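One structure below.
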Amino acid sequence: MAKIVKIKDIADYAGQVVRVRGWVYSRTGKGRLQFILLRDGSGQAQCVAFKREMDPAEFETARALTQESSVIITGAVRADERAPGIPGGYEIGIQSLELVQQALEYPISPKEHGTEFLMNNRHLWLRSNRQWAILRIRATIIKAMRDWLDSEGFLLVDTPIFTPAAGEETTTLFEVDYFGEAAFLAQTGQLYNEANSMAFGKVYCFGPTFRAEKSKTRRHLIEFWMLEPEIAFCSLEELMDIEEGLVTYVVGQVLDKHQQELKMIERDVQKLEAIQAPFARISYDDAVARLQGLRQQADDLPAREEIAIEWGEDFGSPQETALAEMFDRPVFVYHYPTAVKAFYMTPVAGRPEVCRSVDLLAPEGYGEIIGGSERIHDHDLLAKNIDEMGLGREAYEWYLDLRKYGTVPHAGFGIGIERTVAWICGLNHVRETIPYARLLNRKYP
RNA sequence: UCCGUAGUAGCUCAAUUGGCAGAGCAAUCGGCUGUUAACCGAUCGGUUCUUGGUUCAAGUCCAAGCUACGGAGCCA
């Protein structure tokens with residue numbers, strides 16, 4: 001019995017007879033010669049069926065294979081520069097072929113399809129080359145983030161999905177019935193992270209978060225994954241160092257491990273190679289001034305209106321894009337107006353109208369991929385903010401406790417996985433960065 | 001929620017002034033010993049998003065609705 005091998009490894013078996021198991025990605029024939037492009041999840045290899053080298057019944061089976069039929073193929077590996085595949089260059093001369101199932105008419109043909117159709121068939125679309133490449137890069141991005149944090153002394157500490165109260169705004173919560181009481185799906189793990197950081201020093205959580213926002217854009221999901229580090233005894237400047245280290249490591253790992261996938265999705269690799277420390281760090285004041293200056297230079301009126309901004313306003317996506325385009329790598333914008341940021345962010349000493357917050361804007365119009373801040377560690381100020389926001393003191397008693405028992409300056413941030421994947425892969429929508437996107441109008445499949 | 005665009009075969013699209021519902025791909029059958037989204041011949045394939053209206057006649061015109069896509073706000 002021939003050895004079962006992964007298609008990605010077949011080059012190691014040149015001249016040997018192996019067994020591969022997978023699905024027919026495509027088939028073309030020339031009569032007594034059939035080319036079967038087989039994928040097995042690890043890669044794709046061309047398997048060649050010659051009528052005179054096979055059992056006649058098995059050849060007929062090969063000749064009739066439909067797209068996505070499942071088969072087990074035994075044959076000899078040989079180098080052939082004409083052979084397509086992933087990685088390609090080697091093919092298998094079929095000696096025998098066992099049909100597991102003859103697939104019914106497969107909905108996703110090699111021709112182009114519309115978004116709605118593809119999303120309705122997401123469970124099958126995942127089998128396509130482009131999706132295969134993107135989701136492998138996603139896995140590497142997540143692994144690289146965790147590897148880097150682990151190596152820097154962070155501890156993974158999980159935070160709950162069911163929560164009794166809001167993390168940020170109360171308008172974007174999913175309410176669920178918790179044995180007769182209201183509970184909410186987590187929109188951040190941050191408050192728990194703060195408690196955990198007081199126990200373990202440097203922590204992070206990684207999991208899904210939920211926001212019931214009625215936003216329908218290329219960068220929003222209802223359910224998205226976020227990685228959130230939190231560090232005790234940390235300043236905003238030190239936080240930026242950490243973010244910079246994390247992001248450059250992640251991009252480096254993708255470049256290191258996924259040249260093949262980046263090529264498949266036609267990503268401009270040079271743009272990624274430019275992602276090196278240090279990233280520019282500009283204040284909100286400076287950012288507003290730059291945007292206003294840019295606006296005066298803008299020729300056409302619509303463009304001018306788009307990036308219009310007054311001090312005190314948060315950036316919309318046109319402003320974020322315009323700012324990011326001034327740099328060839330991500331840019332930090334710090335000290336946002338306190339009024340547009342969350343209740344737990346520390347005011348700047350002597351200038352309480354701005355706070356110790358920092359966003360990281362990705363290049364090429366991908367917008368904010370990280371939001372972070374120094375957290376308020378003074379009990380009375382935090383309590384005052386909670387009251388003023390009308391959040392209800394009861395649900396936050398435990399959070400205020402952290403400021404009673406050995407409070408320390410601390411900071412943390414959240415990085416959105418899907419936006420990061422979209423940026424690194426150069427995609428125009430986050431829906432392809434997650435296996436099953438949850439969007440405003442979609443929860444199927 | 002607001003603004004804009006679209007909905008025709010399984011998929012991607014066409015259909016002139018309101019006048020017989022079309023093509024490519026997929027599927028099925030046949031042919032072909034090096035295909036790269038192969039090619040050649042044939043077959044199969046329709047609630048033209050829904051409801052109502054105008055008309056001798058509606059895919060096309062009118063009204064309402066539904067769905068999707070793109071953008072905005074908000075955010076990671």
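Values in this document were obtained by computation on a predicted structure and should not be read as measured data. Just so it is clear: chains get the letters A, B, ... in the order the sequence lines come, proteins before strands, and each one is counted from 1.
When each of A/D314 and A/T115 is assigned the nucleotide of RNA chain B bearing its nearest heavy atom, the one mapping closer to the 5' terminus is A/T115.
Residue A/L33 contributes atom CG, which lies 12 Å from atom P of B/C32 at whole-angstrom precision. Atom pair A/N441:CG and B/U1:P shows a separation of 10 Å (rounding to whole Å applied). Rounded to whole Å, the distance from CD1 on A/I434 to P on B/A76 is 17 Å. With rounding to whole Å, A/D359 atom CG is found 13 Å from B/C74 atom P. Counting to the nearest Å, the P atom of B/G31 and the CD atom of A/E60 are 9 Å from each other. In this structure, A/E313 atom CD and B/A72 atom C1' are separated by 14 Å, rounded to whole Å. Rounding to whole angstrom units, CG of residue A/L360 and P of B/A76 are separated by 13 Å. One can place CZ of A/R63 at 14 Å from C1' of B/U33, the figure rounded to the nearest angstrom.
When each of A/N196, A/D150, A/N193 is checked for a side chain to side chain donor-acceptor pair (under 3.5 Å) with A/Y204, only A/D150 meets the rule. Each of A/V251, A/I275, A/T248 was scored for a side-chain contact (heavy atoms from CB on, under 4.5 Å) with A/P330, with one residue passing: A/I275.
Looking at A/E91, its side chain comes within 3.5 Å of the base of B/G34 through a donor and an acceptor atom. Side-chain atoms of A/R52 and base atoms of B/U33 include a donor and an acceptor less than 3.5 Å apart. Scanning atom types as modelled, one donor and one acceptor separated by under 3.5 angstrom connect the side chain of A/R419 and the base of B/C75. In terms of polar N and O atoms assigned as donor or acceptor, the side chain of A/Q46 comes within less than 3.5 Å of the base of B/U35 in a complementary pairing.
Across all strands shown, B/A14 has no partner, as no Watson-Crick or G-U wobble contact with both distances under 3.5 Å is found. B/C61 and B/G53 make up a base pair, with Watson-Crick or G-U wobble contacts both under 3.5 Å. Applying the Watson-Crick and G-U wobble criteria (two distances, each under 3.5 Å), B/U8 pairs with nothing in any strand. Pairing of B/C74, defined by two Watson-Crick or G-U wobble distances under 3.5 Å, is not identified with any nucleotide. With both pairing distances under 3.5 Å, B/A26 is matched to nothing as a Watson-Crick or G-U wobble pair. For B/C44, there is no paired nucleotide, since no Watson-Crick or G-U wobble pair has both relevant distances below 3.5 Å.
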Does the pair A/F210 and A/F224 meet the rule for a ring-ring contact (aromatic ring centres under 6.0 Å, His included), with working shown? CA-CA 7 Å; A/F210 307 88; A/F224 68 98; 8.6 Å; no
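In this structure, the nucleotide among B/A26, B/U12, B/G34 sitting nearest to the side chain of A/S109 is B/A26. The A/R219 side chain lies nearest to B/C75 when the options are B/C75, B/G70, B/G34. Comparing atom distances between the A/R82 side chain and each of B/A76, B/G70, B/U35 picks out B/U35 as nearest. Side-chain proximity of A/F117 to B/C69, B/G10, B/C75: nearest is B/G10. Nearest nucleotide to the side chain of A/K214, out of B/A27, B/U1, B/U36: B/U1.
A/F224 comes within 4.0 angstrom of a base, heavy atoms only. Within the 4.0 angstrom heavy-atom criterion, only backbone atoms of the sugar-phosphate kind lie near A/R431; the bases stay farther away. Within 4.0 Å of A/T217, counting heavy atoms only, lies at least one base atom of the nucleic acid. Backbone-only engagement by A/H113 is indicated by non-hydrogen atom pairs under 4.0 Å involving sugar-phosphate atoms exclusively. Note on A/I370: only backbone sugar-phosphate atoms sit closer than 4.0 angstrom, heavy atoms only; bases stay farther off. Residue A/K51 is out of contact with every strand shown, counting any heavy-atom pair closer than 4.0 Å. Residue contacts shown for A/G316 are limited to sugar-phosphate atoms, with no base heavy atom under 4.0 Å away. At a threshold of 4.0 angstrom between heavy atoms, the contacts of A/S317 are confined to the sugar-phosphate backbone, with no base atom among them. A/E105 comes within contact range of at least one nucleobase, with a heavy-atom separation under 4.0 Å. Among the atoms of the strands shown, none is found under 4.0 Å from any heavy atom of A/E223.
Atom C1' of B/G52 sits at a distance of 14 Å from the matching atom of B/A58, rounded to the whole Å. B/G45 sits 16 Å from B/A21 when the P atoms are compared, rounded to a whole Å. Using atom C1' as the reference point in both B/G59 and B/A72, the two lie 33 Å apart (nearest Å). Separation of the P atoms belonging to B/C66 and B/A27 is 38 Å when rounded to the nearest angstrom. Annotation: B/G10 and B/C20 have their P atoms spaced 22 Å apart (nearest Å). Using atom P as the reference point in both B/U17 and B/C62, the two lie 15 Å apart (nearest Å). Comparing B/U16 with B/G22, their C1' atoms sit 14 Å apart, to the nearest whole Å. Straight-line distance between the P atoms of B/C49 and B/A6: roughly 14 Å, to the nearest whole Å.
Using modelled atom types and a 3.5 Å distance limit, the side chains of A/Q292 and A/Q296 yield no donor-acceptor pair. Under 3.5 Å, the side chains of A/Y334 and A/E237 contain no donor-acceptor pair of N or O atoms.
Atom CZ of A/R146 and atom CZ of A/F206 lie 8.0 Å apart (nearest 0.5 Å).
Checked against the 6.0 Å centroid criterion, the rings of A/F327 and A/F279 do not qualify as a close aromatic pair. If you look at A/F315 and A/Y284, their ring centroids are closer than 6.0 Å.
Taking only side-chain nitrogens and oxygens, A/K30 comes nearer than 4.0 Å to OP1 or OP2 of B/G34.
Taking a cutoff of 4.0 Å between a charged side-chain nitrogen and a carboxylate oxygen, A/E116 and A/R442 do not qualify as a salt bridge.
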